[in-house]
Amino acid sequence: DFHRARGLPSYSEGVPNLEMGIDLVAALYRGLLSYAAILRENGKANKAALFEQKAAAYRKNIEKYWWDDKAKLYNTFYSNSGEFGKNEGETFLLWFNALNDNERKQKTFEHLLHHKWNVENMSYFPYIFYRNGYWDDAARYMLLLTNPATERREYPEVSFGVVLGFVNGLMGIEPDARFNRVSTIYKTNSNVTCTLQNVPLLGGWITVKHQSYASVFTNRGLKKITWRAEFYGSRQHIIINGKAKKAVITKDDAGKIFSYTDVPVRPGKTATAIVQ
C-alpha cells in the first residue's frame with residue numbers, strides 16, 4: 001500500500017503497522033463454520049466436514065498463537081514487524097463465538113467488564129453478555145447506550161446493538177426458518193413484566209409477553225408457527241393453555257439449564273405457557 005511502499009508506518013483503527021487483527025481471524029472461523037452448516041443443511045455432508053475442519057484450524061490458531069499466557073488475555077493484533085499487541089478487538093472473539101476454553105473466555109469477559117470502551121465496542125455488549133449469562137451487565141449496557149448523556153450515542157451500531165440485545169437477548173426471541181419455529185426465553189434476574197409487540201419474522205409478526213413464571217405468545221401472521229416456549233430451570237412439565245405438557249431439559253451456550261416444549265400456534269391465536 002501507499003505507506004508500506006514508502007517505508008512509512010501504516011495505521012488502521014489507530015494501530016501503527018497493523019498486519020492483522022484478531023477480529024479477522026474470528027470472522028474467518030465463523031464464516032467457514034456458517035458455510036459448513038449451509039452445506040450440511042443441503043445434504044452435502046462431506047463438503048461440510050471439510051469446511052468444519054478449516055474452521056477448527058482457525059480456532060486452534062487463536063488459542064495457540066493469540067493467547068498471552070502471562071497477561072491472561074488474548075492479543076488483538078499482529079504488526080508488520082512480527083509482534084503481537086493488545087488494543088480493542090476481544091469483543092469479536094465473543095461476537096463470533098470463537099472461544100471454547102471456558103477459563104480464557106471468563107478472563108476475556110472480566111477484562112471487558114473492568115475497562116472503558118468506546119461505543120463501537122459497547123454496542124456489541126448487550127447481545128454477547130445476554131448470550132453468555134451476564135444478564136445484569138447486558139441490561140446495564142443497554143441503559144448506558146440509550147442514555148442521552150452517553151457520548152457518540154448516535155453512532156449507527158448503537159441502535160442496532162440495543163435492539164438486538166432487547167429482542168434476542170432479554171426476550172430470547174430466536175426464529176428458525178428451517179422448522180418455521182420461534183423460540184423465546186426470558187433472560188432476567190428481576191420480576192419485571194416485559195412485552196414486545198409486532199416483531200416481524202417468518203413472513204408474519206409475533207407479540208411476546210414475559211413474566212418470571214409465564215410467557216404469552218401471539219401469532220399475528222398468516223400461517224401456523226411452532227412456538228418453542230423455554231424457561232430456565234429443570235422442569236418436568238410446562239403448562240400450555242391450562243394443560244401440562246412434558247418438557248425437554250437441556251443447556252444453553254452459557255451452560256445454564258433450561259426446559260422447553262413446542263406449541264403449534266395458528267394465525268391470529270395466542271398461547272400461554274406457565275411454570276410452577
(message) Are the side chains of Leu113 and Asp137 in contact, using a 4.5 Å heavy-atom criterion?
(response) yes

(request) Step through it carefully: locate the ring centre of Tyr141, locate the ring centre of Phe125, and say whether they are under 6.0 Å apart. (result) yes

(request) Check whether any side-chain heavy atom of Leu112 lies under 4.5 Å from a side-chain heavy atom of Glu90, and answer yes or no. (result) yes

(message) Does any part of the side chain of Asn219, heavy atoms only, come nearer than 4.5 Å to the side chain of Arg266, both counted from C-beta?
(response) no

Listing, residues 268-276 side-chain donor-acceptor contacts under 3.5 Å, not counting sequence neighbours, or none:
unit_1	atom_1	unit_2	atom_2	d
Thr270	OG1	Thr218	OG1	2.8

(request) Examine Ile206 and Val163 and state if one hydrophobic cluster contains both, with Ile, Leu, Val, Met, Phe, Trp and Tyr joined whenever side-chain heavy atoms are less than 4.5 Å apart. (result) yes

(request) Considering non-hydrogen atoms only, spot the tightest contact between Pro267 and Gly221 and give its length. (result) CB-O, 3.4 Å

(message) Please report the interatomic distance OG1(Thr76) to CG(Asp23), rounded to the nearest 0.5 Å.
(response) 8.5 Å

(request) Indicate the atoms forming the closest heavy-atom contact of Ala229 with Ile238, along with that distance. (result) O-CD1, 3.7 Å

(message) Could you work out, with salt bridge (charged side-chain N to carboxylate O under 4.0 Å, His left out) as the rule, every residue matching Arg153, not counting sequence neighbours?
(response) none

(request) For residues 103-127, pull every pair meeting salt bridge (charged side-chain N to carboxylate O under 4.0 Å, His left out), keeping only residues two or more places apart or in separate chains. (result) Glu63-Arg104, Asp101-Arg104, Glu120-Arg152

(message) Taking Leu144's backbone N and O only, do any of them form a donor-acceptor pair with Thr150's side chain (distance below 3.5 Å, no angle check)?
(response) yes

(message) Going by the rule side chain to side chain contact (heavy atoms under 4.5 Å, CB included), which residues pair with Ala138 if we only count those two or more places apart in sequence or in a different chain?
(response) Phe129, Tyr130

(request) Decide yes or no for Asn97 and Arg131: does some side-chain heavy atom of the first lie under 4.5 Å from some side-chain heavy atom of the second? (result) yes

Identify each donor-acceptor pair in which a side-chain atom of residues 257-265 lies under 3.5 Å from a protein atom, sequence neighbours left out, and give them as a table.
unit_1	atom_1	unit_2	atom_2	d
Ser259	OG	Gly233	O	2.6
Ser259	OG	Arg235	N	2.8
Thr261	OG1	Lys246	O	3.4
Asp262	OD1	Arg228	NE	2.7
Asp262	OD2	Arg228	NH2	3.0

(message) The test is side chain to side chain contact (heavy atoms under 4.5 Å, CB included); show your working for His210 and Met171 and say whether it passes.
(response) CA-CA 7 Å; His210 283 316; Met171 302 296 285; 3.5 Å; yes

(request) Step by step, work out the side chain to side chain contact (heavy atoms under 4.5 Å, CB included) result for Lys251 and Lys256. (result) CA-CA 5 Å; Lys251 292 182 179 180; Lys256 289 180 177 289; over 6 Å; no

(message) Just verifying a value: how many Å separate Asn241 CG and Lys245 NZ, rounded to the nearest 0.5 Å?
(response) 10.0 Å

(request) Group every Ile, Leu, Val, Met, Phe, Trp and Tyr by side-chain heavy-atom contacts under 4.5 Å, then state whether Val167 and Phe217 land in the same group. (result) yes

(request) List for me each residue that meets ring-ring contact (aromatic ring centres under 6.0 Å, His included) alongside Phe166, sequence neighbours excluded, and say none if there are none. (result) none

(message) Can you confirm whether the side chains of Asn132 and Asp253 place a donor and an acceptor under 3.5 Å from each other?
(response) no

(request) Please check if atom CG in Asn100 has more than 12 non-hydrogen atoms from other residues, nucleotides or ligands closer than 6.0 Å. (result) yes

(message) Has Asn75 got a side-chain atom pairing as donor or acceptor with Phe77's backbone, closer than 3.5 angstrom?
(response) no

(request) Any chance you could measure Asn118, atom CG, to Tyr155, atom OH, to the nearest 0.5 Å? (result) 8.0 Å

(message) Just to verify, what does His111 make a ring-ring contact (aromatic ring centres under 6.0 Å, His included) with, not counting sequence neighbours?
(response) His115, Trp117

(request) Determine the minimum heavy-atom distance between Tyr186 and Leu170, stating which atoms define it. (result) CD1-O, 3.5 Å

(request) Measure from the ring center of Trp135 to the ring center of Tyr232 and say whether it is less than 6.0 Å. (result) yes

(message) Could you work out, with ring-ring contact (aromatic ring centres under 6.0 Å, His included) as the rule, every residue matching Phe231, not counting sequence neighbours?
(response) none

(message) Hydrophobic clusters here meaning ILVMFWY residues chained together by side-chain heavy-atom distances under 4.5 Å, can you tell me if Trp205 and Val199 are in one?
(response) no

(request) Please check if the side chain of Asn121 supplies one atom and the backbone of Glu88 the other of a donor-acceptor pair under 3.5 Å. (result) no

(request) Just jot down the salt bridge (charged side-chain N to carboxylate O under 4.0 Å, His left out) partners of Lys86, sequence neighbours excluded, or say none. (result) Asp68

(request) Give a yes or no on this: more than 12 heavy atoms of other residues, nucleotides or ligands lie within 6.0 Å of atom NZ of Lys60. (result) no

(message) I'd like to know whether the aromatic ring centres of Trp66 and Tyr74 sit less than 6.0 Å apart in this structure.
(response) no

(message) Can you confirm whether Leu145 sits close enough to Met142 that some side-chain heavy atom of one is under 4.5 Å from a side-chain heavy atom of the other?
(response) no

(message) With clusters defined by side-chain heavy atoms of hydrophobic residues (ILVMFWY) lying less than 4.5 Å apart, directly or transitively, does Leu24 cluster with Leu32?
(response) yes

(request) Go through the steps for Leu93 and Ile22 under the test side chain to side chain contact (heavy atoms under 4.5 Å, CB included), then give the verdict. (result) CA-CA 7 Å; Leu93 290 170; Ile22 191 69; 3.4 Å; yes

(message) Between Glu230 and Thr184, does the side chain to side chain contact (heavy atoms under 4.5 Å, CB included) criterion hold? Intermediate values first, please.
(response) CA-CA 6 Å; Glu230 301 175 347; Thr184 68; 5.9 Å; no

(request) Kindly check if the number of other-residue, nucleotide or ligand heavy atoms within 6.0 Å of OH (Tyr213) is above 12? (result) no

(request) Tell me, please, which residues at least two apart from Asp252 pass salt bridge (charged side-chain N to carboxylate O under 4.0 Å, His left out). (result) none

(message) Measuring only between side-chain heavy atoms, which start at C-beta, is Ile225 closer than 4.5 Å to Arg181?
(response) no

(request) Compare all side-chain heavy atoms of Ile185 with those of Lys187 and state whether any distance is below 4.5 angstrom. (result) yes

(message) Run the salt bridge (charged side-chain N to carboxylate O under 4.0 Å, His left out) test against Arg40 and tell me which residues pass, sequence neighbours left out.
(response) Glu52

(message) Once rounded to the nearest 0.5 Å, what's the spacing between atom OG1 of Thr108 and atom CD1 of Ile128?
(response) 10.0 Å

(request) State, yes or no, whether a side-chain contact exists between Leu196 and Thr207 at a heavy-atom distance under 4.5 Å. (result) no

(request) Check the hydrophobic clustering (I, L, V, M, F, W, Y; side-chain heavy atoms under 4.5 Å; chains of links allowed) and say if Phe92 and Phe160 are grouped together. (result) no

(message) Can you give me the closest heavy-atom contact between Pro126 and Gly161, atom names plus distance?
(response) CB-O, 4.1 Å

(message) So, using ring-ring contact (aromatic ring centres under 6.0 Å, His included) as the criterion, who are the partners of Trp95 when residues are at least two apart?
(response) Tyr124, Tyr127

(message) For the backbone of Pro156 and the side chain of Ser159, can you confirm whether one donor and one acceptor N or O come within less than 3.5 Å of each other?
(response) yes

